[in-house]
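Worksheet: the structure to be examined is printed underneath.
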Amino acid sequence: LLMMSAEQIPEYGMDELEQELLRKAVPGKHFEVIRLMRGHRDVPDTPALKLVVLKEQNDALMKQIITFNGKLPRVNQNTIFFLLTAEHETPELAHLLKQYLGWGMLLTESEQTVSDEQKRMVKMRWKTMEAELDDAIRKKYRRVVIPTKQGLSVRDIGLRRTDRHANLEEELYALLLASGDIIEYFPATQIKEQYLRNKPFVFTEQLYRISTTTLGEPRLIDRSVCENAIKEGVLEGLFGLGVLKGKELICTAFKQKVFYMNFSDDEVIIRDELSGMLLPVEERAALAPMSVVETRRMPENDEAGAFR
C-alpha cells in the first residue's frame with residue numbers, strides 16, 4: 001500500500017514539502033532569508049544580515065549577487081551569506097519526502113482499504129518521520145558560504161547537532177558568532193584605534209555603514225551593536241560624541257552616559273583630546289583641568305567631506 005501511495009506522489013508535492021521543512025529550519029529569526037531566488041535582484045540591498053538559500057554551488061552567481069542589485073552596484077556587500085546543499089544527501093531526503101507523503105496518503109484512504117489498526121500504525125510511523133525529516137533537511141542544507149576579501153569561503157556545519165533543540169538557523173548563527181564572522185559586541189577601543197587614529201572625527205552613520213558595505217569588516221548583527229560601542233566609548237572617555245555644524249565641530253557628550261543617538265548626517269564621534277575642549281563651558285568643570293576653548297572651527301582647507 002505504501003509503495004502504491006508513494007508512486008502517486010508528484011515532484012511538486014515533494015518540492016513544496018521540502019520548502020516547508022526548510023522554512024521551519026530557517027525561519028528568519030537572525031537573518032533575512034531569501035529562498036527560491038530567480039536572480040540577484042531578488043536579494044534586497046539593505047543593511048540587514050541576509051541568508052540566500054541555493055540548491056547548488058554556483059560561484060559566478062554568488063559573486064554576481066554580492067556585486068550587483070539588479071542593474072545597480074550593490075551597496076551593502078558585507079551582509080550576505082549563502083546556504084548550500086550537500087548534494088550527496090539529496091537522494092536520502094528525496095526518499096524520506098516521498099515516504100512521508102505516502103504515509104499521509106494512506107491516512108486519507110477509505111475504511112475499506114485501510115483498517116483502524118493499520119491507520120494507528122501509520123500515524124505512529126508518520127509522527128516519527130517528522131524528526132527524521134528535520135535531520136535530513138539539516139544534513140542536506142549544511143554548507144555555508146562566507147564572502148571575504150579573498151573570495152568565497154565554504155564551511156560545513158557538520159553532521160552532529162550542537163544543540164538538539166536548536167534549528168538549523170540557530171546553529172548557523174552560533175557558528176558564525178564563534179568564528180567571528182558576525183559580532184554581537186564591538187569593542188570601543190577598536191573604534192578609537194582603527195577609525196580615529198588619523199582623523200579628528202568620524203560620522204556615526206559612516207562608522208556603521210563600513211560594517212555593511214566593506215567586505216572583510218566586522219559584520220555587526222544590527223546597528224545597536226555600533227550604538228552600544230559608541231556609548232561605551234563616550235562613557236569611558238575614549239572619544240566624544242557631537243555634531244558637525246557647517247565647519248564647526250561641537251562636542252555634546254564626553255565621559256558621561258549617552259541616552260540618545262540618531263546616526264544623523266551631522267552626528268560624529270570626536271577624538272578624546274579634542275572632546276574636552278569642545279564641550280560647552282558649563283560641562284567642563286566635571287573634567288580634569290585643561291586649557292579649553294568654547295568651540296573649534298575646522299581649518300578652511302580641511303573639507304568635512306573627506307571624512308564622510
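Bear in mind the structure is a predicted one, so any value in this text is a computation, not a measurement. In this chain, residues are counted from 1 in sequence order.
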Test your reading of the model: is there a side-chain donor-acceptor pair from [X] to the backbone of [Y], 3.5 Å cut-off?
X	Y	value
N78	T213	no
E169	G28	yes
S275	G240	yes
R219	I182	no
S211	Y208	yes
R74	V43	yes
N69	L72	no
E20	E16	no

Can you name the nearest heavy-atom pair linking [X] to [Y], along with the distance?
X	Y	result
F31	L51	CB-CB, 3.9 Å
L238	K192	O-CD, 3.6 Å
L152	P147	CD2-CA, 4.1 Å
D181	F81	O-CZ, 4.2 Å
T252	G242	OG1-CA, 3.6 Å
I183	P218	CD1-CB, 3.6 Å

To the nearest 0.5 Å, how far apart are [atom1] in [X] and [atom2] in [Y]?
X	Y	atom1	atom2	answer
L215	I66	CG	CD1	6.5 Å
T128	Y100	OG1	OH	10.0 Å
F239	I230	CZ	CD1	6.0 Å
I157	K139	CD1	NZ	14.0 Å

Could you work out, with side chain to side chain donor-acceptor pair (under 3.5 Å) as the rule, every residue matching [X], not counting sequence neighbours?
X	value
T148	none
K24	D134
R209	N76, E205
E232	Y185

- Short N-O contact, E18 and K140, less than 4.0 angstrom: yes

- Message: With a 4.0 Å cut-off on N to O distance, would you call D272 and K255 a salt bridge?
- Response: no

- Query: Can you name the residues that form a salt bridge (Lys or Arg N to Asp or Glu O under 4.0 Å) with D45, not counting sequence neighbours?
  - Reply: none

- Message: If the condition is salt bridge (Lys or Arg N to Asp or Glu O under 4.0 Å), which residues does E236 pass it with, not counting sequence neighbours?
- Response: none

- Message: Could you walk me through whether R155 and S179 satisfy the side chain to side chain donor-acceptor pair (under 3.5 Å) test, starting with their C-alpha distance in whole Å, then the side-chain angles of each, then the deciding distance to 0.1 Å, before giving a yes or no?
- Response: CA-CA 11 Å; R155 296 183 196 168; S179 63; 3.1 Å; yes

side-chain contact (heavy atoms from CB on, under 4.5 Å) involving [X] - partner list, sequence neighbours excluded:
X	value
R143	Q57, L84, V154, D156
V258	K231, V234, L241, A253, M261
Q194	Q190, E217
T46	E32, P44, A48, K50

- Could you go step by step and tell me if I191 and L207 meet the side-chain contact (heavy atoms from CB on, under 4.5 Å) rule? CA-CA 9 Å; I191 294 177; L207 183 63; 3.9 Å; yes

- Message: Just so I know, are the side chains of L274 and M277 near enough to count as touching, which here means a heavy-atom distance under 4.5 Å?
- Response: yes

- Message: Restricting to ring-ring contact (aromatic ring centres under 6.0 Å, His included), what partner residues turn up for F186, sequence neighbours left out?
- Response: none

- With sequence neighbours excluded, tell me which residues meet ring-ring contact (aromatic ring centres under 6.0 Å, His included) with Y173. H30

- Query: Passes side-chain contact (heavy atoms from CB on, under 4.5 Å), L17 versus M14? Steps please.
  - Reply: CA-CA 5 Å; L17 178 56; M14 294 171 60; 5.8 Å; no

